[in-house]
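All values reported here derive from a predicted model rather than from experimental measurement. Protein chains get the first letters and strands the later ones, always in sequence-line order, with residue 1 at the start of each.
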2 protein chains.
Amino acid sequence: MPIVLRCLSYDGAVATRQAGRERIPPHPDIRTITLQQVLEALVDPVRRRIVNELYTGGQDLRCGTFDLPISKSTATHHFNVLREAGLIRQYYVGTSRMNALRRDEIDEAFPGLLRALSGRE
Amino acid sequence: MPIVLRCLSYDGAVATRQAGRERIPPHPDIRTITLQQVLEALVDPVRRRIVNELYTGGQDLRCGTFDLPISKSTATHHFNVLREAGLIRQYYVGTSRMNALRRDEIDEAFPGLLRALSGRE
DNA sequence: CCGAAAGTACGATTCCTGTCAAACTTCGAT
DNA sequence: ATCGAAGTTTGACAGGAATCGTACTTTCGG
């Protein structure tokens, strides 16, 4: 099931009706992300919990599957921060927003970081 | 025979303290430090700069040798945070406060972390 | 078509953290 | 005895970040 991510053009033209449309802001190139941004994202325990679950689970997960001790709107905020920090890739499936850890890219840009942080409280 | 040092308080009253009671608060056992605390310490760019300089320099450094873009009182704050997070060990030499990276202990408690963060902006 | 589910957007609030200046302490040297 | 260097302490302050509730949007199922 290939997921096609289409970019939005400048005039806002709609590119496709497939799942994974432009409801999601563009993902940053990981090479533009600084260590500072990554640390600011990962210093929050809720966000680190999300990343850890994706890291150990090894599969993409809906926002709703994380059992987070916060409200939905706050959860949205945290997922946004993770996406803007280049740590996760998001796409829609139905009304569900899926979250994928950008593991290989992170490992290349920040070697050893994910591993050093994984599995800890 | 306890050696007694004199110490003045604001009102001029003479207080006493035992020799061996140091000017520097006790350092935490690194095993009591959580990843959360370490990340909170290292998320600040000034503090990361300090740690990086100690990491790459490989020797203890006076507070004053770091060329930090902040006031002295703010610098004191940052060194305190690093010490309380178990990342540095401090001791006096004359009026100078020396700072040592607790490298081996950190590496044991948080394998790969220092290396993953070192040398980056 | 309608309603429920999943999530977003927005504004308000609260709390925390980095920052500084000013006054103070401690130590070494003069 | 005093002075300067190095750093600390304290109090105040500004900006940012996490949080929430409410209203809104999109999609799917019946």
Side-chain angles (χ1 to χ4, degrees), chain A residues 3 8 14 16-26 36-50 60-85 88 90-99, chain B residues 4-17 19-26 36-50 60-85 88 90-99:
Chain A
I3 302 298
L8 195 65
V14 173
T16 179
R17 282 212 146 271
Q18 299 289 108
R21 255 161 55 193
E22 71 289 342
R23 283 171 68 188
I24 298 190
Q36 185 61 38
Q37 286 178 271
V38 173
L39 288 179
E40 281 171 7
L42 292 177
V43 75
D44 185 280
V46 171
R47 292 195 288 264
R48 217 161 56 251
R49 188 159 145 183
I50 292 170
D60 302 359
L61 293 174
R62 289 173 32 235
C63 290
T65 59
F66 299 87
D67 190 29
L68 303 174
I70 50 174
S71 70
K72 286 206 301 180
S73 52
T74 302
T76 294
H77 164 68
H78 285 306
F79 284 108
N80 284 343
V81 172
L82 288 174
R83 173 173 39 71
E84 288 159 11
I88 62 173
Q90 299 191 293
Y91 57 95
Y92 267 100
V93 173
T95 59
S96 291
R97 206 167 207 177
M98 302 297 298
N99 302 278
Chain B
V4 175
L5 303 178
R6 295 188 319 127
C7 170
L8 291 179
S9 50
Y10 330 18
D11 55 8
V14 176
T16 60
R17 69 186 161 102
R21 179 84 162 273
E22 282 307 324
R23 294 168 65 189
I24 298 188
Q36 184 63 36
Q37 285 177 274
V38 173
L39 288 180
E40 282 170 6
L42 292 177
V43 76
D44 185 280
V46 172
R47 292 195 288 262
R48 218 161 54 249
R49 188 158 145 184
I50 293 170
D60 302 358
L61 292 174
R62 288 174 31 237
C63 289
T65 60
F66 300 87
D67 191 28
L68 304 174
I70 51 173
S71 70
K72 286 205 301 179
S73 52
T74 303
T76 294
H77 164 67
H78 285 306
F79 284 108
N80 285 342
V81 172
L82 288 174
R83 173 172 39 72
E84 288 159 11
I88 62 173
Q90 299 191 292
Y91 57 96
Y92 267 100
V93 173
T95 60
S96 291
R97 206 169 207 175
M98 302 296 298
N99 301 278

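- For dG7(D), neither phosphate oxygen OP1 nor OP2 lies less than 4.0 angstrom from any side-chain nitrogen or oxygen of Arg23(B).
- Ranking dC20(D), dT19(C), dG7(D) by closeness to the Ile70(A) side chain, first place goes to dC20(D).
- With hydrogens and angles ignored, a donor-acceptor pair under 3.5 angstrom links the side chain of Ser73(B) to the base of dA21(C).
- Taking every heavy atom of both residues into account, Gly94(A) and Arg23(A) meet most closely at O-NH1, 3.9 Å.
- Listed for the Arg83(B) side chain is no donor-acceptor partner under 3.5 Å among the backbone atoms of Asn99(B).
- Checking dG7(D), dA6(C), dA5(D) against the side-chain heavy atoms of Cys63(B) singles out dG7(D) as nearest.
- The side chain of Val46(A) lies closest to dT19(D), out of dT19(D), dA6(D), dC20(D).
- Between Thr74(B) and dC20(C) there is a side-chain polar atom (N or O) within less than 4.0 angstrom of OP1 or OP2.
- Comparing Gln90(B) and Arg47(A), the nucleotide of DNA chain D nearest to each residue sits closer to the 5' end for Gln90(B).
- A donor N or O paired with an acceptor N or O is not found under 3.5 Å between the base of dG7(C) and the side-chain atoms of Thr76(A).
- Checked by atom type and distance alone, the side chain of Arg48(A) pairs as donor or acceptor with a backbone atom of Leu42(A) at under 3.5 Å.
- Residue Phe79(A) is classed as having no contact, given no heavy-atom separation below 4.0 Å to the nucleic acid.
- Nearest-nucleotide assignment on DNA chain C puts the 5′-proximal partner with Ser96(A), out of Ser96(A) and Asn80(A).
- Between His77(A) and dC10(C) there is no side-chain N or O to OP1 or OP2 distance below 4.0 Å.
- Here the C1' atom of nucleotide dA9(C) and the CD1 atom of Ile24(A) are 15 Å apart, to the nearest Å.
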